[in-house]
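The first residue of the sequence shown is numbered 1, and numbering continues consecutively from there.
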Amino acid sequence: MSDAAATARDAGLKATTIVAYGLFLLAPFNGLTAIAGVILVYVRRDEMRGTVWESHGRNLVRVFWIGALLAVLLLAALLQGAGGLLFELFRTDGDPSPALIGGLAVLVPVLALAALVFTIWYLYRVLRGLLRALDGLAG
């Protein structure tokens, strides 16, 4: 491959990586742009192999799948808690047991803390990767 073609390919991969990071930065507000970002990375993944952009692609894919797994786990815990409360409300004619209420009172702050820790980790990985991509460094 000529130097001009390699430079053009590298510039295209840099642009793709920066766009993907931008889509990931928008995801906390709408939840869907990360899907577009990870699809973009998967489409260009073969071209990224052996370049500085490969580590950025790996970072974005890892952040996406860890985030998706954590979102499913948090949603399952919330649905189980809400479903348990609704079932208990119907079963007891609106007078749930104090143990259930206490359990939910503990569950909500724990899940909120988990979501906060994940959000900090997510923003760190995405912002750090974006800044390194803008400088042309490995992710």
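Sorted by first and then second residue, the pairs that involve residues 58-76 and meet salt bridge (charged side-chain N to carboxylate O under 4.0 Å, His left out), not counting sequence neighbours, are E54-R58. Among pairs with a residue in residues 2-33, those fulfilling ring pair (Phe, Tyr, Trp, His ring centres under 6.0 Å) read Y21-H56, at least two apart in sequence or across chains. Contacts classified as salt bridge (charged side-chain N to carboxylate O under 4.0 Å, His left out) and involving residues 79-94 (residues at least two apart or in different chains) are given here: E88-R91.
To the nearest 0.5 Å, the span separating CG on L32 from CG on L26 amounts to 11.0 Å. Remark: D10 CG to M48 CE distance equals 10.5 Å, nearest 0.5 Å. Between atom CG of residue L40 and atom OG1 of residue T16 there is a gap of 5.5 Å, rounded to the nearest 0.5 Å. Rounding to the nearest 0.5 angstrom, the gap separating the NZ atom in K14 from the OG1 atom in T51 is 12.5 Å. For the atom pair CD of E47 and CG of L13, the computed distance is 5.5 Å after rounding to the nearest 0.5 Å.
Ring-centre distance between W121 and F118: below the 6.0 Å cut-off.
No more than 12 heavy atoms of other residues, nucleotides or ligands sit less than 6.0 Å from atom OH of Y124.
In plain terms, the two heavy atoms of G136 and V52 that are nearest each other are O-CG2, 3.8 Å. The minimum heavy-atom distance linking V41 with V61 is given by the pair CG1-CG2, 3.9 Å. Pairing each heavy atom of A27 with each of Y122, the nearest pair is CB-OH, 3.5 Å.
Looking only at side-chain heavy atoms (C-beta outward), L127 and L25 come within less than 4.5 Å of each other. Counting only heavy atoms from C-beta outward, the side chains of I66 and L69 never approach each other to under 4.5 Å.
Under the side chain to side chain donor-acceptor pair (under 3.5 Å) criterion, Q80 pairs with no residue, sequence neighbours left out. Under the side-chain contact (heavy atoms from CB on, under 4.5 Å) criterion, L137 pairs with R132, D135, not counting sequence neighbours.
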Under 3.5 Å donor-acceptor pairs involving side-chain atoms of residues 103-111, not counting sequence neighbours:
none

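Considering T119, I120, V126 as possible partners of L123, the one that fulfils the side chain to side chain contact (heavy atoms under 4.5 Å, CB included) test is T119.
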Original post:
Are L60 and V38 close enough, and set up right, to give a side-chain contact (heavy atoms from CB on, under 4.5 Å), and what steps lead you there?
Top reply: CA-CA 7 Å; L60 288 168; V38 81; 5.8 Å; no
